[in-house]
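Working notes for the structure below.
FYI, side chains are in, hydrogens and waters are out, and symmetry mates aren't considered; it's all heavy atoms of this structure. Keep in mind the model is a prediction, meaning the values are calculated, not measured.
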Amino acid sequence: MTTTVPRFEELIAPSHWRTVDFISDLHLQASEPATVAAFRHYLQATPADALFILGDLFEVWVGDDAIDEPGSFEAEGCTALFAAAQRLPLYFMHGNRDFLAGPAFLQRTGMTGLADPTVLVFAGQRIVLSHGDLLCLDDVDYQRFRVQARSSAWQQAFLAQSLATRRAQARGIRQESENKKQSGAVYADLDGPATLAWLQAAQAGNLVHGHTHRPAEHALAPGLTRVVLSDWDAAALPPRLETLRLSQAGLERIGLTPS
């Protein structure tokens, strides 16, 4: 597949920001309490002036009405996020697992939604922020589903089902994904020429993204770099808990300690 260079939204950081954190792919779910606890601790402890969550914060988001289900995991997560949002600005970009997070989710968490992609202008640096899935062009089946699932018709039909039905479907999708992972299937990575075209069009030096769970830095051309965020798993050996911190000195990976 080929893709045209998208329109880039732009966010200019306030002059008082000194450090900014980027995270993605936490895949929060009730069955992984150690990761949930680590994230709650991080929200309370990060010294950053702002936090950017670049997709797949939740393992799955079946609709904003899940927040209103008494005692739901979604409601508890929104409460923790809202408390953090009183201390520092939180920005949220949809991923491929939580693209159904809507206006009620943002309102209940106090977060600001971000378009994918967005250019962050910080201390003279221009950085493209994206979840990353849009650039995985070799995954043709997924790209077709992505177009379908982002349509208002598909989303209206899905959300018209009962919450219980949607939760059951989500469990099935998660199981299919886990089966594919256990089979050793190779997942598509970001397309190099398309990524380079994004950076050149945005006049940016770095693309920061998640999605692939392959944390690394890839030099695409002189002065142009793709920086991949880590996923989170506090129960892994060793634990995968990491934020990417931006300051005037540049980008630095910060390993976190499980709470």
Side-chain angles (χ1 to χ4, degrees), residues 1-26 42 46-57 85 88-96 98-99 101 106 111-137 143 146 150 188-231 242-254:
M1 292 185 67
T2 59
T3 183
T4 56
V5 175
R7 176 178 177 270
F8 295 94
E9 298 288 340
E10 190 169 277
L11 174 63
I12 300 176
S15 59
H16 68 272
W17 285 6
R18 294 294 177 262
T19 59
V20 174
D21 278 2
F22 305 106
I23 60 175
S24 72
D25 299 279
L26 280 70
Y42 165 77
T46 177
D49 295 305
L51 170 62
F52 289 77
I53 303 171
L54 303 185
D56 286 3
L57 173 61
L88 76 164
L90 305 183
Y91 295 86
F92 173 79
M93 181 179 289
H94 291 113
N96 55 295
D98 47 22
F99 62 88
L106 294 177
M111 296 198 291
T112 299
L114 280 182
D116 187 354
T118 288
V119 176
L120 173 64
V121 182
F122 175 89
Q125 306 172 66
R126 292 178 60 84
I127 299 175
V128 177
L129 307 179
S130 176
H131 179 59
D133 57 326
L134 188 57
L135 283 164
C136 292
L137 303 183
Q143 294 299 336
R146 190 183 193 282
R150 297 310 194 273
D189 204 348
L190 275 65
D191 182 83
T195 303
L196 186 59
W198 275 32
L199 286 171
Q200 292 170 335
Q203 298 181 316
N206 294 288
L207 166 70
V208 173
H209 71 88
H211 183 61
T212 65
H213 299 196
R214 302 171 188 170
E217 288 77 40
H218 301 273
L220 304 177
L224 301 179
T225 304
R226 175 167 71 92
V227 184
V228 190
L229 299 171
S230 173
D231 64 320
E242 184 180 274
T243 184
L244 184 70
R245 185 159 295 161
L246 172 65
S247 67
Q248 291 188 1
L251 292 164
E252 178 186 8
R253 293 186 185 274
I254 305 294

Residue pair Glu9 / Ala115: nearest heavy atoms and the distance that separates them:
CG-CB, 3.4 Å
Heavy-atom pair of closest approach, residues Arg18 and Ser15:
NH1-O, 2.8 Å
Where do Asp49 and Pro89 come nearest, in terms of heavy atoms and distance?
O-CD, 3.0 Å
Counting N and O atoms only, with roles assigned by atom type, does the side chain of Asp98 sit under 3.5 Å from a partner on the main chain of Ala101, one being a donor and the other an acceptor?
no
Least distance between heavy atoms, Ala197 atom then Val5 atom
CB-CG2, 4.0 Å
I'd like to know if the side chain of His131 and the backbone of Leu54 have a donor-acceptor N/O pair within less than 3.5 Å.
yes
Main-chain N/O of Ala249 paired to Ser247 side chain as donor or acceptor, under 3.5 Å:
yes
Looking only at heavy atoms, what is the nearest atom pair of Leu137 and Leu134, with distance?
CD2-O, 3.5 Å
So does Leu26 get a backbone contact from the side chain of Asp231, meaning a donor-acceptor N/O pair under 3.5 Å?
no
Establish, from distance only, whether the side-chain atoms of Asn96 and His211 form a donor-acceptor pair under 3.5 Å.
yes
Is there a donor-acceptor contact under 3.5 Å from the side chain of Arg253 to the main chain of Leu229?
no
Non-hydrogen atoms of Gln143 and Cys136 that approach each other most closely:
NE2-O, 3.0 Å
Atom CG in Asp56, atom CD1 in Ile23: separation rounded to 0.5 Å?
11.5 Å
Keeping the roles fixed (side chain from Thr195, backbone from Asp191), state whether a donor-acceptor pair exists under 3.5 Å.
yes
Take the angle between the ring planes of Phe22 and Phe52 and call it parallel below 30°, perpendicular above 60°, tilted in between.
tilted
Around atom CD of Glu217, are there more than 12 heavy atoms of other residues, nucleotides or ligands at under 6.0 Å?
yes
Pair Asp116-His94, side-chain donor/acceptor within less than 3.5 Å
no
So, Arg226 side chain and His218 main chain: donor-acceptor pair closer than 3.5 Å or not?
no
